[in-house]
Structures are given as structure tokens and as C-alpha cells.
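In what follows, a single structure is set out as C-alpha cells and then discussed.
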Amino acid sequence: MHEFFRPVIHNALCSAGITTDKPINIEQPADKKFGDFSTNIALLAAKECRRNPRELAQTVIPHLIFPPDTIARIEVAGAGFINFYLAPLFIMQSVEKVLIDKDEYGKGNIGQGKTAIVEYVSANPTGPLTIGRGRGGVLGDCIANLFETQGYEVTREYYFNDAGRQMQILGESVQLRYLERCGKAIEFPSTHYQGGYIGEIAENIYSKQGSSLSEYSDDVQFFKKEAEEIIFASIRKTLERLSIRHDSFFNEHTLYTPDETSITANQRVIDELRKKGFITEYDGATWFQTTMLGQEKDKVLIKSSGEPSYRLPDIAYHITKFERGFDMIVNVFGADHIDEYPDVLEALNILGYDTQRIKVAINQFVTTTVDGQTLKMSTRKGNADLLDDLIDDVGADATRLFFIMRSKDSHLNFDVELAKKQSKDNPVFYLQYAHARICSLLRMAQQEIGFDPASSSDHHLLQQLSSPTELQLGFALLDYPDMIKTSLRLLEPQKMVEYLHSLAELFHRFYQECPILKAEPDIARARLFLSLATRQVLRNGFRILGVSAPESM
RNA sequence: GUGCCCGUAGCUCAAUGGAUAGAGCAUCAGCCUUCUAAGCUGAGGGUUACUGGUUCGAGUCCAGUCGGGCGCACCA
């Protein structure tokens, strides 16, 4: 709707002889009595025009030329806001658009012909997925969905490393548990992986190999490989349970592999940064001179052991995203990686890449509450924070929705009891119930009055509807495409949850206040169209969030 | 010490720099012989942690203070 208002206001300013470089903001007043939309342009422009904002607004109004039957009323209010009231007819005609566009309703084309890469999860295969990773996974998946609604061709990527030090420790951990299983006395270092799954992997190896590997060896390759396969399979299975998928798995190791000019991607980064004068060597290591950029310390790129630190392949990895030609590059990760990306961005800037294309979505941590008790997350202790356990407990829909129903910048308090509740306290049920209720209503409509709005094209009947409740519901449906755009711009699926919750609420009120099947025939049909349109928007929204839309409950 | 996030109703959380700061839960009071009551309506509940600043206007932006979280490795 912003694009509906903006040109009209722009033209009005011109023809009223008002010149301003202030942006034309279109907002939705919190209180409907201030209109469906409003603009503060008169307030912003008042100073440079040296005129009173209210008087300025009055001057503009006669020049606002809208298409017929779209705007019912325009008025100046408050300090100088111009408030717009949509015509009821226009609102209901917008609802017809939902019925025509169906699954396509709400989609846009700002990403048409463009590509985006969204990277998320990216956990190394050292253990099962934790709840914290789950939040990032769902967030990333929803963000990818949001990009797709705008026409972007999206690649969902998982970046992992099966070659580093952590994987070495994993291999050693499994080997030790295996040796223990073979009856050898071992000492298990506290630096190694404590989780019970290590023992399970060792047991699995023992059942296949017996004691044939019980001679201790420095080479843990076999154990590492076994562990990696089993763990990766389990990670993918967990993600699948949440309908989180990836198109591409990028192995960090390829960045260590020489290309046709027998040089590695990592080495190229060093060479290029050195040309720009940002590489120095001391203490036997190779450093990125971030002190030249105002940071306190330089950052190690190649350790004195000769191995790259994680920063170097990270930079090289991001270069591949540019080289692969993505127009939009989105990284989703947890707050524990907060210090990681500024260095990467600095390096990319120095190397001449357009870092404006990179967007970073950082999600804060998750705590779970059981019986009102907050549990502290710890990877080392027990498995209380395993994502699989949570899904077992509350189901995939609740897991997904709870992860994104708070702003990603907020710490998430996951109330496990609430997520299992089957009442309106539980937002999952509240939303799904609205959908199921509409499905039931439509079934009843077939039976009772023999009318199926989905197979009728008498959409114009909607124009009879004019009660405040009906108009509010209609307005919410009209607002849906803007909601998606806002949600995408902020990389914040939580906005969608809020929107859908208020949509469900408006529908429940409508259902309560307006008799549908018992109304006179044309009104009944109109209300069924409105219900069908609501169901459509709920479905479309659920699809973005990855929540199922039950036909009955 | 330092970088990032947070501090809003008893609790969990909203509020593109806008108008009287909103929902849900909990509390209290109503609504089913009638399309799913897994629902709806209403009431009470606030010095937006604190102090300054920026401006027509600040929960929002800036500075500082106080509290909480996450990082701050030649680990990823």
C-alpha cells in the first residue's frame, strides 16, 4: 500500500508547490481513529517551508487525487498528520484479490531475477544439534522463505568443517570410548567430548568390529570418519523433522585444496591482503593487521603451526559467495559468533567486495522453562538441551513457532509446558485453531446451504459487507503483502507471527459476532468468501513459518 | 576491563522517531438448547531501570550510570 500512497502524495506536494527532500513516510496509526494510513510529511516539511504543519497539511489535501472509490476520507489531525480512511468498497475489493491469487497472494517481485544465499545451522558434525542451533535453523529457514516470496532465487547453504582440530578431538574421544569398551583402562580428558552419544558411536563400532581395533594408534581417522557419518546423519534427520532443508553443503576443506593454478583459496586471501598492506608476520604466525583499522589486536590468519585459523577460511568462504554471483548474502548465526563477522567484513571491504550485499541475522540464546524453573543450557552436562528431545516433547510445529515468536534480538524463554498446552494460551493452537475452524465452517456450508466459496466466482458479494468487524478483518487481509515486506526487510519472521496472531483474533471475533450460515443467503455467501480469504492468508503465512495448517482439530 | 544484545504491567513479550505505550497469561466480571467455548466481550494493573541531551515529537536516536546475557584463543 505504500506504493499506492506515495506517488499520490508526491504529486500533491508538487502541484501544491511544496518542495522538500524529506521522505514520504506512510504509517499505520496504532489507533484506527487516526485512519487506516497516515503520513507525517507536513510535520517533516514544515520547518524548511517555514510554515505551520497543520496549515501545510491543509494546503496539500485538495491536491491529493486518488482513484475513485478508494479513499473515503482524508483529514488533518494532531500536530499535522494527514490521515487516510479507506473506502469500505476498496477494502472488500482487496479481499477479492486474495481469492483470485490464492497461494500466490502476498508475493512480490522485488527479487525477480535476483539470487540470494542464506547460510544457516552450519554446525560442525561434532555432536547432535542443540536447542540453540535449532533457533538459528528455524530463523534461517523462515528468512529464506521470506526471500522466496519476493521472487529471489534462494540457495540455502550449510557450511561445515570436517577437518579441523575439533574433529580430531572427536575422533580421539570416540577412540577412547571404544578402547574402554574393549576393556582397556583409559583416561578421558576433560577437553574431550563428554556426551553420551560418543559412547553410542563407540558401541556401534564395537558391534561391527569387535576388538579388532583395540591396539592404540595415533591415527584416529577411522573413528573420526565413523563419528562424522553418524553425527551428520543425525543432524540432518533432526533438521528434517523441523522441515529445515539445505540445497548446498559447503565443506570448508575445499578452501584448503589447490585450484588449477595450484594455489588455495586461503592462500589467495593472504596474497591479496598482503598486496593491500594488511598482512604482517610475527611470533611465527601470519596476522591480519586489524590494528590499522582501529582494533585493539591483530587477528591471526595462519597459526605458527602453519594451519589457518578459522578466520582465514571464513573470509575465503565469503569470497566464494561473491564469486558465485549472489545478489544478496545472508548469514544467520547465534550470539556466540558475534565477534566473528566484523573481521570478515573488514577483509572483504579491503579486497573491494560490496559488503552492502551482506546481511547478518544474529539470534540471542534460548533458555527452557519447565514447571516454571529455568534450565541453564550446557553442552557438557547431560542432554537436556538437545533439539531432538524438545521436538519429541512439544512437536515440530510448536518448536518452530516458539523459536520465532520472539524477536531474534531477545533472549528466548521457551516454556515447554506452554508449548504442550492445547488452549489459547498456546499461540500455536490459537493460530491453528482459527484455520481448523474455518475449514469446519466451509464443510458445514457445503452441507447446510450447499455453497462452496472456493468454486464460486461471485466475489462481488463481498462488497455488501460493511460492519466494523468485517472491515477490520478485510483490512488485515489487505495488509498481508506489506507485512511480508516488513518482515523481510528486518529479517524478522516474528513480525509474521504477530500479524497472524492478530489475524486469527480478528477472525474469531468476526465468527463470534457475525452469523454466517444463518444469515440471509447473499450475506452468508459474502461471509464465507471472507472466511475463505482468511484461511488462504493463514495458510500462506503458515507456509512461510513452516507450521502446518490442520483441517480439523 | 572491552565488543554486541537486552532492561517496558505480577509473568512472557509487542510497539518502521509519532497521536492516550499495547497483546497474551495470571486476577476479577460476563457470554454456549444456536456455524468447533481449543472461542468471544469487559475491568483492574505502567514514572518504559536511572540521569542528561538531540527535536515539532523519544520506550525508540546520542552520552553517561546501574543491572542481566553472550563473546573477547595461534578453538570453530
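Letters go in sequence order (proteins before strands), and every chain restarts at 1.
Residue A:Ser38 places a side-chain atom within donor-acceptor reach of the base of B:A19, judged by atom type and a 3.5 Å distance cut-off alone. Between the side chain of A:Asp336 and the base of B:G71 there is no donor-acceptor pair of N/O atoms closer than 3.5 Å. For a distance-only test at 3.5 Å, the side chain of A:Tyr433 fails to qualify as a donor-acceptor partner of the base of B:A38. Contact annotation: side chain of A:Asn83 to base of B:A19, donor-acceptor pair present below 3.5 Å.
Listed nucleotides: B:U41, B:A15, B:G3. Nearest to the side chain of A:Ile338: B:G3. With distances taken from any side-chain atom of A:Ser407 to the nucleotides B:G18, B:A76, B:A14, the minimum falls on B:A14. Side-chain atoms of A:Leu44 lie closest to B:C56 of the nucleotides B:A19, B:U36, B:C56. Looking at the side chain of A:Tyr511, the nearest of the listed nucleotides B:G24, B:U36, B:A76 is B:U36. Residue A:Ile516 places its side chain closer to B:C35 than to any other of B:C35, B:A23, B:G18. The side chain of A:Arg489 sits closest to B:U16 out of B:A15, B:A19, B:U16. Residue A:Asn25 places its side chain closer to B:U16 than to any other of B:U16, B:G24, B:A14. Residue A:Leu441 has its side chain nearest to B:C35 when only B:A37, B:C35, B:U41 are considered.
The pairing partner recorded for B:G30 is B:C40, the criterion being a Watson-Crick or G-U wobble arrangement whose two distances lie under 3.5 angstrom. Across all strands shown, the partner of B:G1 is B:C72, judged by Watson-Crick or G-U wobble contacts whose two distances both fall under 3.5 Å. With a cut-off of 3.5 Å on both pairing distances, the Watson-Crick or G-U wobble partner of B:G64 is B:C50.
Residue A:Ala436 is in base contact, counting any heavy-atom pair closer than 4.0 Å across all strands shown. A:Met553 comes within contact range of at least one nucleobase, with a heavy-atom separation under 4.0 Å. Counting any heavy atom pair closer than 4.0 Å across all strands shown, A:Glu27 reaches a base atom. Within the nucleic acid shown, A:Glu307 has no heavy atom closer than 4.0 Å to any nucleic acid atom. Residue contacts for A:Cys439: at a heavy-atom cut-off of 4.0 Å it reaches no nucleic acid atom on any strand shown. As judged by a 4.0 angstrom heavy-atom cut-off over every strand, A:Asn161 is placed among residues touching the sugar-phosphate backbone only. Across all strands, A:Asp409 comes closer than 4.0 Å only to sugar-phosphate atoms, never to a base (heavy-atom distances). Counting non-hydrogen atoms under 4.0 angstrom, A:Ile26 reaches a base of the nucleic acid. Note on A:Glu252: only backbone sugar-phosphate atoms sit closer than 4.0 angstrom, heavy atoms only; bases stay farther off. Residue contacts shown for A:Asp283 include a base, since a base heavy atom lies under 4.0 Å away.
Centroid-to-centroid, the aromatic rings of A:Tyr317 and A:Phe250 come within less than 6.0 Å. For A:Phe475 and A:Phe37, the gap between ring centers is short of 6.0 Å. Not less than 6.0 angstrom separates the ring centroid of A:Tyr511 from the ring centroid of A:His508. Checked against a 6.0 Å centroid threshold, the rings of A:Phe4 and A:Phe84 do not count as neighbours. Taking the ring centroids of A:Phe529 and A:Phe451, they lie under the 6.0 Å cut-off.
For A:Thr355, the side-chain contact (heavy atoms from CB on, under 4.5 Å) partners two or more places apart in sequence, or in a different chain, are A:Leu345, A:Leu348, A:Asn349, A:Ile358.
Rounded to the nearest Å, the gap between the C1' atom of B:A73 and that of B:G46 is 46 Å. Across B:U60 and B:U54, the matching C1' atoms stand 13 Å from one another, rounded to whole Å. Taking atom P in both B:C13 and B:C66, one finds a spacing of 25 Å when rounded to whole Å.
Proximity of a side-chain donor or acceptor of A:Asn124 to a complementary backbone N or O of A:Asn161 within less than 3.5 Å is detected.
Taking the syn range as angles within 90° of 0, the glycosidic angle of B:C32 is syn.
A close approach under 4.0 Å does not occur between any side-chain nitrogen or oxygen of A:Lys47 and OP1 or OP2 of B:U55. An OP1 or OP2 oxygen of B:G69 is reached within less than 4.0 angstrom by no side-chain nitrogen or oxygen of A:Thr367. Within the 4.0 Å cut-off from OP1 or OP2 of B:C40, at least one side-chain nitrogen or oxygen of A:Tyr430 is found.
In summary, A:Lys321 and A:Glu157 do not engage in a salt bridge, as defined by a charged side-chain N under 4.0 Å from a carboxylate O. Under 4.0 Å is where a charged nitrogen must lie from a carboxylate oxygen, and between A:Glu448 and A:Lys518 no such pair does.
Between A:Phe34 and B:A19, a base-stacking contact is recorded: ring centres under 5.5 Å apart, planes less than 30° from parallel. Between the side-chain ring of A:Phe81 and the base of B:A19, a stacking contact exists by the 5.5 Å and 30° definition.
Inter-residue side-chain proximity for A:Tyr159 and A:Pro313 is flagged as met; some heavy-atom pair is nearer than 4.5 Å.
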Every protein N/O lying under 3.5 Å from an N/O of nucleotides 7-12 of chain B:
| residue | atom | partner | partner atom | Å |
| --- | --- | --- | --- | --- |
| B:U12 | O2' | A:Arg406 | NH2 | 2.9 |

